[in-house]
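Heavy atoms only: backbone and side chains are in, while hydrogens, waters and symmetry mates are out. Here the structure is a predicted model, which is why all the values come from computation and not from measurement. Letters A, B, ... mirror the listed sequences (proteins, then strands); counts begin at 1.
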Amino acid sequence: MDVHDPRPPEDSGLVVRDLAVNYGPVLALRGVSLNVPRGSIVTVLGGNGAGKSTLLRAVSGTLRFQRGGITAGEISFDRVRLSGAAASAVVAGGVVQVPEGRRVFARMTVEENLRAGALGARDRRSAAEARQDVLTLFPVLAERAGQRAGLLSGGEQQMLAIGRALMARPRMLLLDEPTLGLAPMMAARIADTVREINARGTTVLLVEQNAAMALSLASYAYVLEVGEVVLSGPAAELAESDEVRRRYLGIEARSEDDRDDRDAPLAAASAGRPVLTRWSA
Amino acid sequence: SEKATGGAPAASAVGSDGVKTGPGVTADTITLGLMTDLTGPYASFGKSLTQAQQLYFEQINTAGGVCGRRLETIVRDHGYDAQKAVAAYTEIGPKSVALAHIVGSPMVNAIKQRIEADRMLTIPMAWATGLLGSEPIQVTGTTYDIDMINGVDFLVKEKGVKSGDKIGHLYFEGDYGESALNGSKYAAEKLGLTVVEQKIKATDQDMSAQVAAFKAEDVKAILVSVGPKQTASLVGVSLAKGMDVPFVGSNSAYSPQLLPTPAGPALLKDFYYITGGAPISSDRPAMKKLAADYAAKYPGVEIDSGVSAGYAAAGIVVDALKKACESKDLSRAGVVAAHRSQSAWGEAFGTTMDFTTFDKPASLLSYVAKPDKDALGGSVIFKEAAVSDLAKEYQVPVG
Amino acid sequence: MSRKTLAVSAVLLVAAVIAPFYLEGFWLQAGLFAMSAAIGAIGINLLTGATGQLSMGHAFFLAIGAYAYVYFASEPGQGGGHALGGLGLPTPVAAVLAVVIAGIAGGVFSPIAGRLKGAYLGIATLALVFLGQHLLFNAEPVTGGFNGRAVPPMELFGFVFADSPALVIAQVPFGALERLWFLGLAVVVCAGLFARGVLRGRPGRAMNTIRDHEIAAGVMGVPVARYRAGVFVLSSMYGGLAGVLIALVFQRTVPEYFGLLLSLDYLAMIIIGGLGSVAGAVIGAVFISMLPQVLTRYSDALPLVAEPGSGGVSPAEAARLLYGAAVVVIVLFLPGGLFGLAGRLRLPLGRRAAPVPATKNPSLTPSPDTRN
Amino acid sequence: MITFLELLANGISVGAVYALIALGFVIIFKATEVLNFAHASLLLVGGFIVAKLHASVGFWAALLIGIAGAAVLAALIEFLVIRRANVSSHSVLAIATIGIDIVLTTELTRQIGADVLALGDPWRDQVLHLGAVSIAQTRVAALVVAAVLITAFLLAFKYTNWGIAMRATAEDSETAALMGVRRGRVSMGAWAIAGALAAVAALFLCVFPTPGLDRSTTFAAMKAFPAAILGGLDSTTGALVGGLIIGVTEALMSGYQNEMAFLGRGIGDVAPFLVMIVVLLIRPAGLFGTRELARV
Amino acid sequence: MTGPDEVAGVTGTYQPAGMDASASGVPRLDVRDVTVRFAGLTALDAIGFTVEPGSVHAIIGPNGAGKSTCFNVLSGVYRATAGSVRFGDAELTSLLPHRIAALGVARTFQNIALSPRMSVRENLMLGRHRLTRAGFVSAGLRLPSARREAARHGERVIEIAAFVGLTERLATPVGLLPYGVQKRVELARALCMEPRLLLLDEPVAGMSGGERREMAELIVAVRESLGISILLVEHDMGMVMRLADAVTVLDFGRRIADGPPLEVQSDPEVIRAYLGAASEKEETAS
Ligand SMILES: Nc1ncnc2c1ncn2[C@@H]1O[C@H](COP(=O)(O)OP(=O)(O)OP(=O)(O)O)[C@@H](O)[C@H]1O
Ligand SMILES: Nc1ncnc2c1ncn2[C@@H]1O[C@H](COP(=O)(O)OP(=O)(O)OP(=O)(O)O)[C@@H](O)[C@H]1O
Ligand SMILES: CC(C)C[C@H](N)C(=O)O
Ligand SMILES: [Mg+2]
Ligand SMILES: [Mg+2]
């Protein structure tokens with residue numbers, strides 16, 4: 001894995017400066033600044049509702065679909081301004097997102113989903129090539145080419161979603177929880193894939209609940225809480241921090257051995273949980 | 001409480017001139033209701049009716065009014081919708097002494113009960129047989145069945161249809177079509193003909209299937225009791241498919257608006273329609289005057305059968321009011337009674353009507369009219385008014 | 001019910017009770033149309049609003065109610081040139097039976113209603129309207145064909161809801177409309193309360209879940225097809241009840257009335273009033289049924305609206321233009337309908353939950369294929 | 001037998017017109033999942049423009065303008081209403097199109113008034129004789145046009161990027177946007193095309209066997225509903241087959257009305273709906289429609 | 001690979017604290033030779049396993065292995081092409097979903113399937129559907145019986161909400177809640193059915209580490225206090241290892257392993273198909 005300078009020049013790659021986003025009355029992001037240097041993998045961690053997906057939507061220009069909007073700040077990719085641009089312009093600029101929850105086109109076949117991915121591609125001729133790459137990466141998609149995507153299993157759909165995004169041959173990939181619901185082996189595969197895609201020169205911004213995996217992939221990490229960046233630093237450093245371990249890795253205390261933690265009996269009545277008795281009626 | 005309710009019979013009063021009055025009549029005005037169709041399928045007809053009647057009332061007012069009172073009108077558009085008609089009647093009924101016209105038999109049917117309860121003289125602009133049998137309701141001239149009987153008679157006498165032949169009848173679902181069908185079936189039975197029925201809805205536009213069916217039965221003539229558009233399609237398709245037979249329509253089956261359409265030539269060829277009221281192009285002085293007055297008041301407006309029909313209907317109402325005034329009773333019941341005392345009305349308009357009974361059509365005389373591009377109103381008399389023997393024998397089903 | 005809603009309801013009720021003493025017949029009749037429409041709209045809101053089943057066949061069930069009442073209540077006789085059947089039952093019995101028959105008609109349709117969704121169900125129910133009118137025109141011994149039939153006035157414990165015998169209360173002559181007003185009011189209130197109970201109770205939850213996530217509903221123990229059919233039957237019964245009332249107001253049934261436009265009116269009502277609630281249905285019903293009446297009545301005073309026959313926009317046209325525009329405007333700007341608007345205006349006063357954000361797979365007709 | 005063939009030919013030829021109208025429903029449904037009730041008024045607009053202009057600019061020019069006009073109007077509907085509506089379901093949008101239809105139809109019928117407007121087509125009332133059976137030339141033209149257009153759209157939906165973009169947008173416009181699809185363009189394009197189709201359909205609906213365009217023309221569009229549903233709302237093939245089935249059913253039932261008098265006269269208008277109901281009982285998504293997928 | 005007999009031997013040993021499972025009315029779930037075919041695809045190929053009363057049984061396997069399909073068969077959403085599922089005396093394969101629910105089989109969904117505009121309370125009350133009777137008439141007329149019923153079950157809903165930690169959220173529309181909380185609402189709704197068998201499809205997917213832990217504790221608490229059987233699909237191997245008494249592994253619709261967690265975890269076939277070589281070091285993290 002290539003080690004980047006943790007503080008790269010501010011103007012290459014994706015630059016987000018002082019971003020504020022709201023959904024109607026709900027303020028979802030406040031003063032968020034981050035930087036994804038060209039060629040790197042950067043991850044954003046955060047609990048549910050922290051605003052991770054919102055951040056990606058802001059970059060992709062799809063906030064308005066959720067009745068949201070950017071109220072302040074700027075986003076640019078390789079010095080091209082993205083804030084305010086239409087979603088199609090962002091894609092044309094080489095920034096492609098794999099949305100949270102897969103969102104495959106359920107009624108279209110796998111093949112058609114892949115073709116949809118190539119719609120916004122800058123270079124139509126390379127679509128065939130891209131398709132070849134995707135099918136090599138996920139052979140199951142070739143097997144299921146004619147099946148309607150809605151009938152794929154969750155993991156298969158996730159592969160399709162990533163494959164679909166790769167069809168546009170992005171320069172930058174935004175991944176929103178790509179391993180959600182994936183089997184461990186598949187999650188590992190996805191991790192390898194991300195690494196591989198990155199190695200081919202695609203910049204990656206990764207949003208993950210699976211913090212361990214994300215931190216192992218990324219060179220730099222940001223932690224988002226309730227719409228604000230509360231922590232940031234080189235991924236390896238963050239992985240060592242107590243706060244991150246407790247909240248995102250689900251490990252109780254630093255000192256405890258991992259294996260012990262896992263084997264420790266889960267206390268049912270922990271934290272004063274009320275007891276539920278059987279209903280008798 | 002000063003509440004004016006539609007339900008309760010309003011008290012009659014006697015005015016200072018000794019004339020008994022009721023709803024719709026004050027010391028100096030008489031109010032007539034017009035329930036017309038200005039936005040529905042018969043909008044153009046309704047418009048002509050309304051304008052012709054307003055012309056008539058204006059002329060009467062200029063000449064001093066009726067019984068020392070000015071005639072006023074309240075016009076309500078029901079758009080050929082029964083609920084709107086009911087609503088409109090509730091609104092204008094209590095304020096009117098009579099309804100100078102109401103378009104469409106479904107609308108009349110919808111408020112029939114109330115008209116009878118209110119004893120409100122009403123002139124329907126519809127000629128279904130079902131409208132007979134109600135004292136305050138006066139259908140003008142013939143009903144559709146009489147027209148069709150006279151029409152079949154015309155086919156046999158002048159168009160070479162003979163006993164044993166089949167004739168087609170294309171008709172609308174609803175009382176218009178079905179009362180016309182009653183007439184044709186009656187006449188056919190008497191004359192040894194067979195009727196091939198084809199019932200359609202007002203929304204049907206293309207008569208190809210019906211023509212095919214008629215053709216299959218080898219009909220010798222076709223009766224038409226539908227709307228003008230369906231007539232045009234029927235006639236056009238028949239000729240195009242080489243079925244060259246005479247067509248005889250009810251009075252609502254033709255409209256001069258059809259002449260400029262591609263079906264125009266076909267209509268001019270062998271199509272006739274039967275009507276109890278003379279076409280406006282007929283050379284009676286009353287008609288000529290009406291045409292002139294109407295053109296003067298509404299310059300550039302097309303004249304159709306609605307003009308003469310509406311004008312005559314207005315005349316019926318005004319004459320009833322005049323008669324009622326003579327007997328010093330302008331209450332609704334008084335007006336109906338006065339109206340029912342006339343046995344020979346309308347000579348001037350070309351059809352003499354007898355109003356003394358209400359379970360028979362006021363007249364059995366039908367004209368045969370024929371489309372004509374150049375004539376006023378788009379049609380001319382082809383055959384003067386006559387009653388067939390069949391029509392005289394015919395027992396009108398009343399109910 | 002909060003204290004405020006209670007107060008508002010009380011005021012409305014008092015106003016409704018004293019109305020006949022002040023309003024002229026035209027308004028009473030318009031009010032009765034609105035009441036009938038309200039009942040029908042509550043019914044279709046149960047189906048379309050709460051359960052997510054698009055129905056364009058509501059007019060059919062109104063027709064069933066109206067004609068069944070007439071048939072059950074009339075004595076056999078002659079009319080329109082042919083024999084008319086009738087059972088001559090006491091009118092309240094006839095009314096109840098009419099509602100039941102409408103429900104049965106809905107039940108007969110349940111193999112379709114239980115299986116179809118969305119646009120497919122919408123158009124399938126559209127077929128009912130055409131089929132219904134075909135029957136009305138052709139089943140003459142029952143329906144009187146195109147002539148329709150006279151509607152026997154309702155008679156409850158010897159009290160006749162008709163103009164005669166004359167009745168004067170507080171110096172106001174009480175004709176058919178005044179009497180029916182109270183009958184209508186009672187029926188609307190009962191129908192509304194019943195629907196409210198259904199919506200807020202166990203069936204209502206099941207209906208909403210069927211709308212939002214059919215499979216989940218089934219897995220949680222809701223017999224989905226049976227519930228769908230059941231709601232369809234209930235909504236048909238509301239339609240039938242509305243039909244009985246409208247027949248009593250018209251005093252005559254005519255087949256033309258029960259057409260496609262009537263069905264569309266009902267859909268417009270629940271959109272304009274607000275989907276899924278009783279109050280929304282009532283507000284929408286009042287809006288749609290009063291709009292043309294008001295415009296016609298004040299046509300002289302309205303600048304845009306020309307006198308009938310004078311060539312401008314007639315009141316009827318103006319009403320339709322407004323009605324169409326209202327539907328569009330509400331869909332665009334007031335997703336909760338007028339009832340939702342009322343709620344929003346109340347917001348500064350009362351405490352209300354924040355508006356629910358649009359979900360990713362929002363559904364009146366959920367598409368379960370997306371794995372949401 | 002001749003009668004049967006003639007009725008069949010009639011049915012097929014009317015069916016072609018229904019198919020054209022149904023195709024309009026299908027396209028918009030595919031693009032936006034909306035059942036477009038305003039299609040009837042688009043029909044009226046297209047026809048109205050042709051009728052008003054043919055005398056001054058000639059039929060073909062008028063037809064082009066009519067097609068353009070209806071397309072623009074449809075695009076406007078998309079732009080002003082469909083795109084902006086924030087609704088909880090597609091049924092609500094369908095009801096919104098009812099509102100649009102009411103507004104447009106009211107205004108247009110006001111304009112048309114009581115007239116019956118001829119469209120000035122070149123076929124006039126000529127018929128084509130095939131042995132003993134004769135068909136109006138307009139209907140032959142309609143059949144050819146419908147077949148060509150429907151095939152074209154079938155291919156376009158399947159194989160062009162436009163088709164893919166359209167279906168993607170219909171399913172999930174947000175995700176489609178993430179693919180770089182310009183949602184506005186796609187769905188507006190679909191509406192415009194449907195509008196254009198409506199004008200073409202209006203042409204065939206208002207020429208020869210019918211006398212011309214008038215205020216009741218929109219009602220004819222109602223028959224295309226069972227056609228579209230019967231075939232499957234999201235299938236172009238379905239539109240064609242559905243249209244033909246409805247046309248033939250209607251023609252046969254009307255033609256053999258006498259033999260079927262026990263069903264009540266006028267059954268010809270109801271029969272299409274009955275056929276549709278029967279089909280839906282067996283196939284809830286129509287003959288060619290995609291069944292809604294259900295999985296959790 | 002382990003045979004069915006051994007499985008029974010292993011899993012049968014579990015007894016919930018202070019409660020005799022068989023006596024508490026929780027029957028055994030017996031899945032035998034269930035096959036599900038979709039056009040051209042065999043999603044489940046004659047699989048079988050047994051869930052002992054009161055135990056936590058996990059189904060794991062790669063994506064698309066047929067786990068959710070299996071759940072769908074158990075809950076009546078899909079009809080099996082062949083095979084039998086017996087829950088006590090009842091044969092489930094021929095029953096509609098609501099009939100299965102009536103037997104006390106409850107489930108959560110891989111993708112949240114709540115009514116977003118209804119409040120948490122209403123969503124939970126839906127869970128009581130099978131236990132309540134009020135129909136259109138009694139609800140419409142607000143008969144006393146319906147009111148009493150609503151009150152009684154309302155109380156139980158509050159109890160369950162407290163147990164799951166939703167007390168504060170009862171009045172909130174579900175659509176407004178964060179994802180993790182919605183997942184808990186799903187669980188609570190299933191508990192509201194008073195199930196004897198609880199099917200949990202990826203209960204912690206999409207949750208952060210902290211939330212996963214909480215959910216796992218909750219599941220343990222459910223088993224402890226109710227003694228019901230739990231069938232669990234989960235990709236979080238750490239969680240499966242901690243919670244499950246027995247594990248069935250599916251791959252391409254076939255059962256490739258079945259047995260106690262530790263045994264299954266070291267099965268080479270399972271490592272090949274599911275866990276991958278990386279599993280040894282990966283599991284600690286998740
Ligand atoms: N469409 C919307 N309308 C209103 N508020 C929204 C909308 N989408 C998200 N929010 C709010 O914005 C905030 C951030 O949400 P976001 O989806 O970005 O979080 P997230 O970090 O991606 O969470 P998760 O891990 O659950 O995916 C949350 O408080 C959420 O409730
Ligand atoms: N309704 C259906 N029609 C056709 N194929 C289906 C259907 N439902 C599921 N499948 C197929 O069956 C296989 C098993 O799917 P299932 O959802 O059971 O997998 P899973 O084990 O739950 O996977 P995951 O862990 O990804 O959720 C998949 O290949 C899927 O495509
Ligand atoms: C001229 C029309 C208004 C008459 C119509 N045919 C009817 O009887 O209703
Ligand atoms: Mg997110
Ligand atoms: Mg699954």
Side-chain angles (χ1 to χ4, degrees), chain B residues 1 3-10 34 36 38-40 43 46-47 49-51 54 75-94 104-107 109-114 117 128-130 172-179 182 199 201 396-399, chain C residues 20-30 33 78-82 130 133-134 137-138 145-148 150-151 162-164 166-168 170-179 246 249-257 261-262 289 292-293 296-297 307-309 311 314-317 320:
Chain B
S1 166
K3 192 185 131 162
T5 60
L34 276 62
T36 200
L38 297 170
T39 49
K47 191 170 170 191
L49 289 171
T50 308
Q51 290 184 343
Q54 274 166 341
V75 184
R76 284 296 175 257
D77 166 33
H78 58 51
Y80 215 76
D81 172 333
Q83 181 177 7
K84 292 219 186 78
V86 172
Y89 185 80
T90 311
E91 186 195 350
I92 69 175
S105 27
M107 320 308 128
N109 270 325
I111 57 170
K112 197 168 171 185
Q113 251 90 359
R114 296 178 189 205
T129 326
F172 266 167
E173 176 173 81
D175 41 5
Y176 158 39
E178 301 190 25
S179 87
N182 261 339
K199 173 152 125 182
K201 283 194 172 37
V396 182
V398 171
Chain C
F21 295 93
Y22 295 94
L23 293 183
E24 56 179 285
F26 173 76
W27 291 117
L28 288 182
Q29 184 167 62
F33 287 155
Q78 284 293 120
H82 42 251
F130 288 92
Q133 282 200 310
H134 183 72
F137 275 112
N138 287 284
F146 50 80
N147 278 318
V151 179
D163 286 334
S164 56
L167 171 73
V168 175
Q171 287 168 320
V172 174
F174 258 54
L177 292 176
E178 285 81 359
R179 301 179 199 186
I246 203 77
V249 180
F250 275 162
Q251 298 174 24
R252 188 166 190 97
T253 55
V254 281
E256 274 91 353
Y257 176 67
L261 292 181
L262 185 65
S289 53
Q293 316 266 4
T296 313
R297 188 58 196 269
E307 265 283 298
S314 73
E317 284 159 349
R320 289 197 70 70

For this session: Please report the closest heavy-atom contact between B:Ala85 and B:Ile111, naming both atoms and the distance.
Result: O-CG2, 4.1 Å
Exercise. Is chain B contacted by the side chain of C:Ala30, its backbone, both, or neither, given a heavy-atom distance below 4.5 Å?
Worked result: neither
Exercise. Do C:Phe26 and C:Gln29 come close enough that some side-chain heavy atom pair is under 4.5 Å?
Worked result: no
Problem set entry | Atom pair OG1/CZ of B:Thr36 and B:Arg76 - distance to nearest 0.5 Å | 12.5 Å
For this session: Measure C:Gln293 against the heavy atoms of chain B and call it side chain, backbone, both or neither at under 4.5 Å.
Result: side chain
Problem set entry | Pick from B:Arg114, B:Glu178, B:Lys84 with the largest number of heavy-atom pairs that fall under 4.5 Å of chain C | B:Arg114
Exercise. Which answer fits C:Arg320, side chain, backbone, both or neither, if we ask what part of it has an atom under 4.5 Å from a heavy atom of chain B?
Worked result: neither
Exercise. Mind checking whether C:Phe21 and C:Phe174 have parallel, tilted or perpendicular rings, split at 30° and 60°?
Worked result: tilted
